[in-house]
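Here the structure comes first, spelled out in structure tokens, and everything after it is commentary.
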Amino acid sequence: MNVLARAHYLPAFSRLGAYDDQLLDTAAWRSAARAPRLLAEYWAHEAALIPVDDWPLFRWRMTELAGGRWRHVREALARNAALQNDILAAITEAGASTPRSLETALGVDRSGSAPGSWWHRGEVKNVCEALFAGGTLSAVRDDKFVRHYDLAERVVGAERVAADIPKPEAITELVRRAAAAHGVATVADLADYYRLATADVRAVLGDLLDDGTLTAVTVDGWNEPAYLHADAKIPRRPVRSSLLSPFDPLVFYRPRTLRLFGFHYRIEIYVPAHKRVHGYYVLPYLHDGRLQARVDLKADRRTGVLQVLAAHHEDDADLGAVAHALADDLAALAQWRGLDEIDVQPRGDLAPLLRQAVAA
């Protein structure tokens, strides 16, 4: 998803402001002796960057996904046992490889297959994905964001691959981290953060309550019990404003977003254009502790323009303050993406005020 910036890069911008993409690239994809790898990609929530030291916490998931994450991938692996061995041998010899380079090395001819796209993956790609889900392979990405698969031990380190943390211990630690990230959360919130089963979360809650990590609380307006993390702090006044990715951890569990902010949010990239309510790639806007607006953004790299295709405000938004703060944050976003101008188009009830604020 590159209409604005790759989804992996946006959360850091939301929290840090404009930063050099090379910092994340080096941490995740371009490690070297003087800059050891800090991040690796795996199925944490969805495909996400995790600290390399967290790799062993997902060993149980790798075991469960050893045959592949999706049915068509599992089927591809089941009918291609020999191809699996050939792929591993080729990667062992050549190092990090794309599915296309592996097809060439193995003499796989796809000339008669459907046009190349995400939806028309070949058997080599499917087997690589199965081995990635099972933790045999990891991957790095190139400048075009294409995955280069490599042996997991060469990406995250042999000691991390060999580490075997029992599932109950791993779940306890993952729930502990989810609770720290949330501050206060329901069981469903805690489960969704790493896509855990709610039964697994409930099974470890007692230990986290006993050791003081969590305290059971009630929250006004919530219908379910909640759990407060021991380190959670309530600021005197939330002053941070931020544009959030549709996949940002603050909003990716939509029931929590609605419960916390009264903000009904659905991504509409798969909705036909004439049926979209707010736009194609819509970023929620956090201002003064509330989600007060949303903007449909596109980076037109050819012309150097950040296009605001639509801008909508929430019913309780402080319109003047939101428009001016959002104009500043859009300017920071444009600078980060190397864009020279901001073009606010007329769609949406916030667009006129926002256009004035951007012009000012």
Side-chain angles (χ1 to χ4, degrees), residues 1-21 23-24 235-252 254 257-258 260-269 273 276-360:
M1 196 68 61
N2 199 28
V3 64
L4 177 64
R6 297 289 184 188
H8 292 62
Y9 294 86
L10 276 170
F13 169 78
S14 297
R15 286 151 181 76
L16 305 175
Y19 70 97
D20 184 352
D21 289 3
L23 293 173
L24 187 144
R236 291 182 180 179
R237 182 172 182 270
V239 295
R240 185 81 168 102
S241 65
S242 188
L243 286 156
L244 303 173
S245 161
F247 313 107
D248 192 282
L250 184 64
V251 297
F252 64 29
R254 308 303 196 223
T257 305
L258 182 62
L260 277 177
F261 300 106
F263 190 87
H264 184 272
Y265 184 40
R266 296 292 182 272
I267 191 166
E268 298 179 87
I269 57 177
R276 291 178 195 142
V277 176
H278 296 108
Y280 177 78
Y281 197 71
V282 175
L283 277 65
Y285 185 57
L286 179 71
H287 178 70
D288 198 22
R290 293 178 291 150
L291 295 176
Q292 299 200 48
R294 58 187 95 199
V295 284
D296 183 17
L297 300 181
K298 179 180 180 180
D300 188 334
R301 298 171 182 86
R302 183 180 61 83
T303 62
V305 175
L306 175 61
Q307 297 180 349
V308 183
L309 302 177
H312 294 85
H313 66 76
E314 296 300 289
D315 291 341
D316 60 348
D318 182 345
L319 297 186
V322 167
H324 283 89
L326 180 53
D328 288 341
D329 286 324
L330 288 171
L333 177 63
Q335 179 186 23
W336 177 49
R337 299 327 298 159
L339 305 172
D340 300 320
E341 298 180 28
I342 301 171
D343 176 27
V344 181
Q345 299 184 15
R347 184 179 175 215
D349 49 19
L350 184 60
L353 272 178
L354 181 59
R355 188 177 184 87
Q356 293 175 20
V358 167

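Counting only heavy atoms from C-beta outward, the side chains of Glu341 and Val358 never approach each other to under 4.5 Å. For the pair Leu330/Leu297, a side-chain contact is recorded, criterion being any heavy-atom separation below 4.5 Å from C-beta on. For the pair Leu286 and Leu291, the minimum side-chain heavy-atom distance is below 4.5 Å. By the 4.5 Å heavy-atom criterion applied to side chains, Leu243 and Leu10 are not counted as neighbours.
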Listed pairs under 3.5 Å, donor-acceptor, residues 319-329 side chains, sequence neighbours left out:
{"residue": "His324", "atom": "ND1", "partner": "Gly320", "partner atom": "O", "Å": "2.9"}
{"residue": "Asp329", "atom": "OD2", "partner": "Ser241", "partner atom": "OG", "Å": "2.7"}
{"residue": "Asp329", "atom": "OD2", "partner": "Tyr285", "partner atom": "OH", "Å": "2.6"}

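For residues 280-299, the pairs satisfying salt bridge (Lys or Arg N to Asp or Glu O under 4.0 Å) are Arg237-Asp288, Arg290-Asp316, Arg294-Glu314, with sequence neighbours left out. Within the structure, the salt bridge (Lys or Arg N to Asp or Glu O under 4.0 Å) test picks out the following pairs touching residues 3-15 (sequence neighbours left out): Arg15-Asp248. Screening residues 346-355 for salt bridge (Lys or Arg N to Asp or Glu O under 4.0 Å), with sequence neighbours left out, gives Asp343-Arg355. Judged as a ring-ring contact (aromatic ring centres under 6.0 Å, His included), the pairs with a partner in residues 333-360 (not counting sequence neighbours) are, in order, Phe13-Trp336, Tyr19-Trp336.
Nearest heavy-atom pair across Ala332 and Ala18 is O-CB, 4.3 Å. Shortest non-hydrogen contact noted between Pro284 and Ser245 is CD-O, 4.4 Å. In terms of heavy-atom proximity, Val344 sits nearest to Ala351 at CG1-O, 3.8 Å. Shortest non-hydrogen contact noted between Ala5 and Tyr281 is O-OH, 4.2 Å. When all heavy atoms of Leu309 and Gln345 are compared, the closest pair comes out as CD2-NE2, 3.5 Å. Between Leu354 and Ala311 the shortest heavy-atom distance is CD2-CB, 3.8 Å.
Taking Ile267 as the reference, Pro246, Phe247, Arg254, Ile269 meet the side chain to side chain contact (heavy atoms under 4.5 Å, CB included) condition, with sequence neighbours excluded.
Put simply, OG1 on Thr257 and CG on Leu250 are 6.5 Å apart, with the number rounded to the nearest 0.5 Å. For the atom pair NE2 (His313) and NE2 (His287), the distance works out to 14.0 Å, reported to the nearest 0.5 Å. Going from atom OH of Tyr9 over to atom CG of Asn2 covers 9.5 Å, rounded to the nearest 0.5 Å. Summarising the geometry, atom CG belonging to Asp300 is positioned 10.0 Å from atom CG belonging to Leu306; distances are rounded to the nearest 0.5 Å.
Under the 3.5 Å distance criterion, the side-chain polar atoms of Glu268 are matched with a main-chain donor or acceptor of Val277. Between the Arg301 side chain and the Arg337 main chain, no donor and acceptor come within less than 3.5 Å of each other.
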